[in-house]
Peer 1: 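Next up is a structure, given as structure tokens.
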Amino acid sequence: IASAAAFAPAPTARSASALSAFSKDTLPGAIAPTGLFDPLGFLEKADDATALRYREAEVTHGRVSMLAVIGFLVGEKVE
């Protein structure tokens, strides 16, 4: 007989703030064998808060660029 506990999310530890939830090695996107993809070495001297700010800026710029592409394609279709 199966139980509903198999479908419940695993309990996670809560952190006091968003900054303490991540470190440079545990940011989303870090792969276990290689770690973060940082070919230019921007994160070598950065602390955890700066690394989180860089990641937020990267995601924001990616979203803006996706909207720009959609705007370009819609503009081409309208003309």
Side-chain angles (χ1 to χ4, degrees):
I1 296 177
S3 70
F7 299 103
T12 57
R14 299 261 177 181
S15 62
S17 71
L19 292 178
S20 63
F22 298 111
S23 68
K24 286 192 285 187
D25 297 328
T26 61
L27 278 174
I31 301 170
T34 58
L36 286 174
F37 179 72
D38 185 26
L40 299 177
F42 288 126
L43 294 178
E44 289 178 2
K45 296 179 183 177
D47 59 347
D48 289 342
T50 304
L52 185 61
R53 189 177 53 145
Y54 287 167
R55 181 56 58 99
E56 289 174 358
E58 179 182 5
V59 169
T60 301
H61 292 138
R63 290 176 179 165
V64 169
S65 66
M66 287 187 278
L67 287 173
V69 168
I70 290 173
F72 177 78
L73 294 175
V74 168
E76 288 293 316
K77 187 69 173 175
V78 169
E79 287 185 359

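Treat the numbers as computed from the prediction; the structure is a model and nothing was measured.
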Peer 1: Looking at CG of Leu67 and CD1 of Ile70, how far apart are the two atoms once the value is rounded to the nearest 0.5 Å?
Peer 2: 5.5 Å
Peer 1: Group every Ile, Leu, Val, Met, Phe, Trp and Tyr by side-chain heavy-atom contacts under 4.5 Å, then state whether Met66 and Val69 land in the same group.
Peer 2: no
Peer 1: What is the minimum heavy-atom distance between Ala51 and Ala46, and which atoms define it?
Peer 2: N-CB, 4.4 Å
Peer 1: Kindly give the heavy-atom pair with the smallest separation between Leu43 and Asp38, and that separation in Å.
Peer 2: N-OD2, 2.8 Å
Peer 1: Tell me the closest heavy-atom pair linking Tyr54 and Phe42, and the distance in Å.
Peer 2: CE1-O, 4.1 Å
Peer 1: Is it true that Glu58 and Arg55 make a salt bridge, defined as a side-chain N closer than 4.0 Å to a carboxylate O?
Peer 2: yes
